[in-house]
Amino acid sequence: ILKPCKQLELMVDNTLLQLKLVKKQFIIIHIRYGDDFLIKKQNKIEKNHLAMIQKILNKLDVNQKYLLISDNIIIKNILLLKYPFIKTHFNRITHTGEGVAHTGEELETIKLQNTMIDFNMFAHASRVIAFSIYNHGTGFSKWTTETYSVPYVCRFLP
């Protein structure tokens, strides 16, 4: 149902190679922090959200491979300082949801491409640990993991 074109498959493979990750041998930590950051460029991070995330991350096995994917680079930077064994990349991404007005900015091809690389990375994880500020969770990681039968859990950040 969700199969990338060959060109995108090669980009995903190259990204995995650059991050020194092997398919099905890493866990993705996905943090969906919301449209206020991604679209409206607001950078407020709730301390209780960070505490909830860190409570889970403190239990991680440092010998395991992890990839952090998030719509919030501030959270990425904070977590990488505390958990340097977690891998990530800082490609510019965009929101792919319907009804999103890109005021004064066209949907840039490179941002969409980077977003689709992240989206397809979920299919290659051994499992996904997600966090979301939304009650409904995050469809971004949920639908790929469901399609490719990747174990998935999502925690709500109230």
Side-chain angles (χ1 to χ4, degrees), residues 1-35 37-39 45 49-50 52-98 100 107-157:
I1 297 170
L2 296 174
K3 186 165 173 40
C5 67
K6 289 287 183 203
Q7 182 181 359
L8 185 57
E9 269 187 56
L10 284 172
M11 290 178 194
V12 170
D13 288 346
N14 284 337
T15 302
L16 288 170
L17 188 64
Q18 289 170 0
L19 293 167
K20 297 182 174 127
L21 294 172
V22 176
K23 291 178 181 179
K24 299 298 182 186
Q25 294 183 17
F26 64 96
I27 296 167
I28 290 181
I29 300 160
H30 179 219
I31 302 172
R32 173 73 167 105
Y33 210 71
D35 297 343
F37 180 83
L38 190 59
I39 298 169
I45 296 175
H49 292 170
L50 201 52
M52 289 176 70
I53 294 167
Q54 289 178 332
K55 184 177 178 181
I56 300 298
L57 299 189
N58 285 340
K59 298 175 187 175
L60 296 179
D61 177 359
V62 296
N63 297 311
Q64 174 68 47
K65 302 278 188 191
Y66 297 94
L67 173 62
L68 174 60
I69 294 178
S70 180
D71 57 2
N72 188 311
I73 58 170
I74 296 169
I75 284 184
K76 278 185 171 182
N77 284 316
I78 291 169
L79 294 177
L80 291 178
L81 286 174
K82 184 162 178 149
Y83 309 97
F85 59 92
I86 295 175
K87 298 176 184 251
T88 195
H89 57 150
F90 290 92
N91 293 343
R92 295 186 66 204
I93 59 171
T94 189
H95 190 286
T96 57
E98 58 185 281
V100 178
L107 193 60
E108 297 175 37
T109 304
I110 195 76
K111 284 183 180 179
L112 183 56
Q113 177 180 288
N114 290 338
T115 303
M116 296 318 313
I117 289 169
D118 281 356
F119 182 79
N120 283 279
M121 297 287 268
F122 292 104
H124 300 299
S126 60
R127 68 184 172 107
V128 174
I129 303 166
F131 300 88
S132 177
I133 64 164
Y134 300 116
N135 282 325
H136 66 272
T138 169
F140 189 74
S141 54
K142 180 178 177 26
W143 296 118
T144 308
T145 56
E146 191 166 308
T147 300
Y148 289 94
S149 300
V150 176
Y152 178 82
V153 64
C154 185
R155 291 175 174 82
F156 174 55
L157 300 171

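What's counted below: heavy atoms across the whole structure, side chains too, no hydrogens, waters or symmetry copies.
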Colleague: Is there a side-chain contact (heavy atoms from CB on, under 4.5 Å) between Leu80 and Phe90 once you walk through the steps?
Modeller: CA-CA 12 Å; Leu80 291 178; Phe90 290 92; 3.7 Å; yes
Colleague: Suppose we screen for side chain to side chain contact (heavy atoms under 4.5 Å, CB included). Which residues come up paired with Lys24, at least two apart in sequence or across chains?
Modeller: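 Side chain to side chain contact (heavy atoms under 4.5 Å, CB included) check on Lys24 returns Val150.
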Colleague: Taking the side chain as C-beta and beyond, is there a heavy-atom pair between Lys87 and Leu21 under 4.5 Å?
Modeller: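 SC-SC contact between Lys87 and Leu21 confirmed.
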Colleague: Sequence neighbours excluded, which residues qualify as side-chain hydrogen bond (donor to acceptor under 3.5 Å, both in side chains) partners of Gln25?
Modeller: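 Partners of Gln25 by the side-chain hydrogen bond (donor to acceptor under 3.5 Å, both in side chains) criterion come out as none, since no residue qualifies.
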Colleague: Can Ser141 and Tyr152 be counted as having a side-chain donor-acceptor contact under 3.5 angstrom?
Modeller: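 Checked: Ser141/Tyr152 side chains pair up, N/O donor to acceptor below 3.5 Å.
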Colleague: Angle between ring planes, Phe122 versus His30, binned at 30° and 60°: parallel, tilted or perpendicular?
Modeller: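 It falls in the perpendicular class, over 60°.
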Colleague: Counting N and O atoms only, with roles assigned by atom type, does the side chain of Tyr66 sit under 3.5 Å from a partner on the main chain of Thr88, one being a donor and the other an acceptor?
Modeller: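 No, because the side chain of Tyr66 does not come within donor-acceptor range (under 3.5 Å) of the backbone of Thr88.
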Colleague: CG/Leu8 to NZ/Lys3 distance, rounded to the nearest 0.5 angstrom?
Modeller: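 Answer rounded to 0.5 Å: 10.5 Å.
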Colleague: With the side chain counted from C-beta on, respond yes when Ile78 and Tyr83 share a heavy-atom pair under 4.5 Å apart, and no when they do not.
Modeller: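 Of all side-chain heavy-atom pairs linking Tyr83 with Ile78, none is under 4.5 Å.
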Colleague: Are more than 12 heavy atoms from other residues, nucleotides or ligands located less than 6.0 Å from atom NZ of Lys65?
Modeller: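 No.
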Colleague: Is it true that Tyr33 and His49 share a donor-acceptor pair across their side chains at a distance under 3.5 Å?
Modeller: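 Present: a donor and an acceptor within the cut-off.
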Colleague: Once rounded to the nearest 0.5 Å, what's the spacing between atom NZ of Lys59 and atom CD1 of Ile56?
Modeller: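 The CD1 atom of Ile56 is 5.0 Å from NZ of Lys59, to the nearest 0.5 Å.
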Colleague: Once side chain to side chain contact (heavy atoms under 4.5 Å, CB included) is applied, do any residues pair with Phe156, and if so which ones, sequence neighbours excluded?
Modeller: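 Here the qualifying residues are Asn135, Pro158.
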Colleague: Pair Lys82, Gln54 - check side-chain contact (heavy atoms from CB on, under 4.5 Å), show working.
Modeller: CA-CA 9 Å; Lys82 184 162 178 149; Gln54 289 178 332; 3.6 Å; yes
Colleague: For Cys154 versus Ser132, what's the shortest heavy-atom pair and its separation?
Modeller: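 Closest heavy-atom pair between Cys154 and Ser132: SG-CB, 4.1 Å.
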Colleague: How many angstroms lie between CD1 in Ile53 and CG in Leu50, if you round to the nearest 0.5 Å?
Modeller: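 Reported value, rounded in 0.5 Å steps: 6.0 Å.
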Colleague: Check whether any side-chain heavy atom of Leu67 sits under 4.5 Å from a side-chain heavy atom of Leu19, and report yes or no.
Modeller: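 Result yes, sub-4.5 Å side-chain heavy-atom pair found.
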Colleague: Do the side chains of Met116 and Gln113 get nearer than 4.5 Å, heavy atoms only?
Modeller: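 No, too far: nothing below the 4.5 Å cut-off.
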Colleague: Could you tell me whether the side chain of Ile69 reaches within less than 4.5 Å of the side chain of Phe119, counting heavy atoms only?
Modeller: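 A side-chain contact is absent here, since even the closest heavy-atom pair is not under 4.5 Å.
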Colleague: In chain order, what residues pass the salt bridge (Lys or Arg N to Asp or Glu O under 4.0 Å) check against Lys76, with sequence neighbours excluded?
Modeller: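 For Lys76 there are no salt bridge (Lys or Arg N to Asp or Glu O under 4.0 Å) partners, ignoring immediate neighbours.
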Colleague: Under a 3.5 Å cutoff, is there a donor and acceptor pairing between the side chains of Asp118 and His89?
Modeller: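 Yes, side-chain donor-acceptor contact under 3.5 Å.
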Colleague: Check side chain to side chain contact (heavy atoms under 4.5 Å, CB included) between Gln7 and all other residues, then give those that pass, not counting sequence neighbours.
Modeller: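 Listed in chain order: Cys5, Met11.
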Colleague: State which residues pass side chain to side chain contact (heavy atoms under 4.5 Å, CB included) with Arg127; sequence neighbours excluded, sorted by chain then number.
Modeller: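 With sequence neighbours excluded, Arg127 shows a side chain to side chain contact (heavy atoms under 4.5 Å, CB included) to Ile27, Ile129, Pro151, given in chain and number order.
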Colleague: Nearest 0.5 Å please: distance from the CG atom of Leu157 over to the CD1 atom of Ile133.
Modeller: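 The CD1 atom of Ile133 is 8.0 Å from CG of Leu157, to the nearest 0.5 Å.
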Colleague: Determine, stepwise, if the pair Tyr148 / His124 fulfils side-chain contact (heavy atoms from CB on, under 4.5 Å).
Modeller: CA-CA 9 Å; Tyr148 289 94; His124 300 299; over 6 Å; no
Colleague: Please report the C-alpha distance between Val128 and Ile29 in whole Å, then the side-chain angles of each, then the deciding distance to 0.1 Å, and finally whether the side-chain contact (heavy atoms from CB on, under 4.5 Å) criterion is met.
Modeller: CA-CA 6 Å; Val128 174; Ile29 300 160; over 6 Å; no
Colleague: Is any side-chain heavy atom of Val12 less than 4.5 Å from a side-chain heavy atom of Pro4?
Modeller: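 Answer no - side chains too far apart.
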Colleague: Determine whether Leu16 and Val22 make a side-chain contact, defined as any pair of heavy atoms from C-beta on separated by less than 4.5 Å.
Modeller: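 Result no, sub-4.5 Å side-chain heavy-atom pair not found.
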Colleague: Counting C-beta onward and ignoring hydrogens, is there a side-chain heavy-atom pair between Asn72 and Ile31 closer than 4.5 Å?
Modeller: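 No, every pair of side-chain atoms sits at 4.5 Å or beyond.
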